[in-house]
Amino acid sequence: ENELGFYKMFLLLLGTLTLILVFILVVMIRSSITHSFDIFKTSIERSARGDIQSINYNFSKQTELGVMGVELNKLFTQMNQFMIEINSAISNATNGVFDVVVNKKGLKGEFLVVANNIVHSIELLKNQEDNKQHEHLTAQLTELNMNTAESLDVIQTNLKTNIGNLKNV
């Protein structure tokens, strides 16, 4: 009976110790997963607010969540670079500088489609600017031509008057 009591107590302590170890292991795994989800959730929330420049978490590729995080970082990097390219190209085009176009290196999918549309729009703006400058130069030439014609009329009138005066003399 003493021996049976010992085994009962031993099994109870062993079971309790195993339960405590399992509980600690579960808490550690849970906190690891929860921490990764919190980081992932924070990056999604920040990107939804438009803050993608400073998002660059170091995700581990060992889990599915880590792989998603790495790909999310790639997406944020591509979006950030794309926005810089767009802002630069549009600002330059607005200021009449059409030489700098959107760098399409590394762009894929819809980003590439949008980049091509922006390049096309900037080319249209350049053509409009060229046409505007052409029209302005044409207007200036027309004005100079009219001024020259008027001057020639004045000169011819003065010549006729001078010739007439010379004949009278």
Distance, nearest 0.5 Å, that separates [atom1] of [X] from [atom2] of [Y]:
X	Y	atom1	atom2	value
T77	L72	OG1	CG	9.5 Å
T148	I155	OG1	CD1	9.5 Å
L13	K8	CG	NZ	14.0 Å
K41	T34	NZ	OG1	11.0 Å
I29	I24	CD1	CD1	12.0 Å
N147	L152	CG	CG	11.0 Å

Taking all atoms of both residues into account, what is the closest heavy-atom pair of F76 and S43, and its distance?
->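 Looks like CZ-O, 3.8 Å.
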Scan for ring-ring contact (aromatic ring centres under 6.0 Å, His included) pairs involving residues 112-150, sequence neighbours excluded, and state none if there are none.
->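 Pairs touching residues 112-150 that pass the test: none.
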Which residue pairs pass the ring-ring contact (aromatic ring centres under 6.0 Å, His included) test with at least one member in residues 80-118, sequence neighbours excluded?
->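 Sorted result for residues 80-118: F82-F111.
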Residue pair E129, K132: steps toward the salt bridge (Lys or Arg N to Asp or Glu O under 4.0 Å) verdict = CA-CA 5 Å; E129 182 67 22; K132 187 171 86 174; 3.6 Å; yes
Pairs under 3.5 angstrom only: tabulate donor-acceptor contacts from the side chains of residues 83-96 to other protein residues two or more places apart or in another chain.
from : atom 1 : to   : atom 2 : distance (Å)
E85  : OE1    : N103 : N      : 2.9
E85  : OE2    : Q81  : NE2    : 3.1
N87  : ND2    : M83  : O      : 3.3
S91  : OG     : N87  : O      : 2.8
N92  : ND2    : S88  : O      : 3.1
T94  : OG1    : I90  : O      : 2.7
N95  : ND2    : S91  : O      : 3.1

If a pair satisfies salt bridge (charged side-chain N to carboxylate O under 4.0 Å, His left out) and one of its residues is in residues 150-169, list it, with sequence neighbours excluded.
->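 Qualifying pairs: none.
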How about E110: does its CD atom have over 12 heavy atoms from other parts shown lying under 6.0 Å from it?
->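 Atom CD in E110 is not packed in, count stays at 12 or less.
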Any chance CG of N168 has more than 12 other-residue heavy atoms, nucleotides or ligands included, within less than 6.0 Å?
->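 Atom CG in N168 is packed in, count exceeds 12.
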Do side-chain atoms of N116 reach the backbone of L112 as a donor and acceptor pair under 3.5 angstrom?
->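 Checked: pair present.
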Transitive ILVMFWY side-chain link V114 to V119, under 4.5 Å |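 V114 clusters together with V119.
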Who are the side chain to side chain contact (heavy atoms under 4.5 Å, CB included) partners of E3, not counting sequence neighbours?
->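 Side chain to side chain contact (heavy atoms under 4.5 Å, CB included) check on E3 returns Y7.
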For E71, check salt bridge (Lys or Arg N to Asp or Glu O under 4.0 Å) against everything at least two apart and list the hits.
->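 K74.
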